[in-house]
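Just so it is clear, the model here is predicted, and its values are computed rather than measured. Chain A is the first sequence line, chain B the second, and so forth, proteins listed ahead of strands; every chain is numbered from 1.
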Protein chains: 2
Amino acid sequence: MDLDLDTLKTQLSEQGYKLTRQRKAVVAVVTQAHMRLSAADVFAQAQRVCPDLGLTTVYRTLEILEELGAIRRVHLDDGCEGFAPASIEHGHHLICSRCQETVEFEGCNLSTLLKRVSGQTGFTIQEHWLELVGLCPKCQRKK
Amino acid sequence: MDLDLDTLKTQLSEQGYKLTRQRKAVVAVVTQAHMRLSAADVFAQAQRVCPDLGLTTVYRTLEILEELGAIRRVHLDDGCEGFAPASIEHGHHLICSRCQETVEFEGCNLSTLLKRVSGQTGFTIQEHWLELVGLCPKCQRKK
DNA sequence: TCCTAATTGAAAAACATTTTCAATTAGCGC
DNA sequence: GCGCTAATTGAAAATGTTTTTCAATTAGGA
């Protein structure tokens, strides 16, 4: 289930964000993406559509899209900070370690675990971060 | 259950690493820590014991300690890259969002989830990243 | 069409991390 | 203890990413 480009544009408008050429280009890239992308990746792809695009704007737009829940921050192999399209509200990401393809899944069903850990430690649990890394079917065959 | 300073020193020796003043200082800091620390935090604390310590060495030592499994990389609020002491081999971290205290827990028991996601997507799952954020008992009271 | 606040890109700044390299040092064999 | 040597060190430079600044541009309501 892909992110819908038009829905996202409408959402931006509704939040009072102007629909600039640059934002449209960035939004187009992330809605079409099926893999995690770094800010630089998004920049490179979006620049093909909109040559006068700055990296600064890419960072700013990605921040807005994360706020809207359209993308989610994920890890990259090195340090951190990649982005993957998020169509499921409380979803998590499964990422292919070879081709970077990302798939979302929902129903993480950690409630039992959370209750146990909460009981054992006395912590109130506010959020959880879960991310899976593996090999997608295509890459399994290639190997 | 704390990391044992002496055990860790022995481990370093056995792996052929020299026990320098600087490494001892860094090891002392991370074994005593009960919270996630950035490289800069470790540097600041270790420098009190060993004034002629460079940040470069801190990075290098943290890398070794991660290799040995004595610490684990965790998220920081901003981007990434904090370190927390790891005494449980396949443990995960629960972090207090207010005071940064970290607690380890084991038995994440995700096998059912992993099987389901694997079946639905066709991915082979290689690793999982799970991290919980909440409020520790002390900080709940303070609030 | 006009107006204005939002948005932009370039450049600079800020930051974290890594690399380079000559000087120092831990720990082995003696 | 003593000397030797490879490992280790810190300072400085390099690298890479993200943020800030600021004057110029622009989207979109009036």
Side-chain angles (χ1 to χ4, degrees), chain A residues 6 8-30 36-68 71-83, chain B residues 6 8-30 36-68 71 73-84:
Chain A
D6 291 324
L8 198 44
K9 283 184 184 168
T10 307
Q11 254 190 303
L12 280 170
S13 287
E14 279 171 0
Q15 300 288 321
Y17 292 113
K18 290 182 179 175
L19 280 180
T20 63
R21 216 162 2 96
Q22 292 88 342
R23 281 183 184 158
K24 284 180 204 161
V26 170
V27 167
V29 169
V30 299
R36 61 178 165 185
L37 298 167
S38 65
D41 294 335
V42 174
F43 178 54
Q45 290 189 36
Q47 216 176 20
R48 291 208 286 262
V49 181
C50 175
D52 58 336
L53 170 68
L55 184 53
T56 313
T57 299
V58 172
Y59 277 106
R60 290 192 275 228
T61 306
L62 289 174
E63 207 178 312
I64 293 170
L65 293 177
E66 194 195 5
E67 231 171 72
L68 294 181
I71 58 178
R72 190 173 296 131
R73 261 167 228 267
V74 296
H75 290 267
L76 295 182
D77 304 319
D78 40 16
C80 208
E81 297 296 271
F83 298 87
Chain B
D6 291 325
L8 198 45
K9 283 184 184 166
T10 307
Q11 255 190 303
L12 280 170
S13 287
E14 279 170 359
Q15 300 289 320
Y17 292 114
K18 290 184 178 174
L19 280 180
T20 63
R21 216 161 3 95
Q22 292 88 339
R23 280 181 184 160
K24 284 180 204 163
V26 170
V27 168
V29 168
V30 299
R36 62 178 165 185
L37 299 167
S38 65
D41 293 334
V42 174
F43 178 54
Q45 289 189 37
Q47 215 177 21
R48 291 207 287 261
V49 181
C50 176
D52 58 334
L53 170 67
L55 184 53
T56 311
T57 299
V58 172
Y59 277 106
R60 290 192 275 230
T61 307
L62 289 175
E63 206 177 313
I64 294 170
L65 293 177
E66 194 195 5
E67 232 171 71
L68 294 181
I71 57 178
R73 261 166 229 267
V74 295
H75 290 266
L76 294 183
D77 304 319
D78 40 15
C80 209
E81 296 299 90
F83 297 88

| remark: A/L62 CG to D/dT18 P, in whole Å, measures 10 Å
| message | Using whole Å, what does the distance between atom P of nucleotide C/dT7 and atom CG of A/L53 come to? | response | 15 Å
| said: By nearest heavy atom, map B/L19 and A/G54 onto DNA chain C; which one lands nearer the 5' end? | reply: A/G54
| request: Name the closest nucleotide to the A/K18 side chain, picking from D/dA27, C/dA16, C/dT25. | output: D/dA27
| said: Set out, in order, the CA-CA distance, both residues' side-chain angles and the distance that settles salt bridge (Lys or Arg N to Asp or Glu O under 4.0 Å) for A/R21 and A/D52, then state yes or no. | reply: CA-CA 9 Å; A/R21 216 162 2 96; A/D52 58 336; 2.9 Å; yes
| message | Heavy atoms only, 4.0 Å cut-off, all strands: where does A/R60 land among base, sugar-phosphate and nothing? | response | base
| task | Round to the nearest Å and state the distance from B/K24 atom NZ to C/dT25 atom C1'. | result | 12 Å
| Which residue, A/V58 or B/L55, contacts DNA chain C at a nucleotide closer to its 5' end, judged by nearest heavy atom? | A/V58
| field | Distance in angstrom units between B/E66 CD and C/dT17 P, rounded | value | 12 Å
| task | Whole angstrom is fine here: how far is it from CZ in B/F43 over to C1' in D/dA11? | result | 11 Å
| query | Between D/dA7 atom P and B/Q15 atom CD, what is the distance in whole Å? | reply | 15 Å
| Contact class for B/T20 (heavy atom, under 4.0 Å): base, sugar-phosphate, or nothing? | sugar-phosphate
| 5'-most by nearest nucleotide on DNA chain D - B/D52 or A/Q22 | B/D52
| Minimum heavy-atom distance B/K18-B/R23, with the two atoms named | O-NH1, 3.0 Å
| said: Under a 3.5 Å distance rule, please check whether A/R72 uses its side chain to pair with a backbone N or O of A/F83 as donor and acceptor. | reply: no
| said: Whole angstroms only, please: what is the CZ-C1' distance between B/R21 and C/dT25? | reply: 9 Å
| task | Looking only at side-chain atoms of A/Y59, point me to the closest of D/dT18, D/dT20, C/dT17. | result | D/dT18
| Heavy-atom closest pair, residues A/V58 and A/V26 | CG2-CG2, 4.2 Å
| task | Could you point out which residue of A/T56, A/L53, A/L37 forms a side-chain contact (heavy atoms from CB on, under 4.5 Å) with A/F43? | result | A/L53
| Tell me: OH of B/Y17 to P of D/dA7, nearest whole Å? | 12 Å
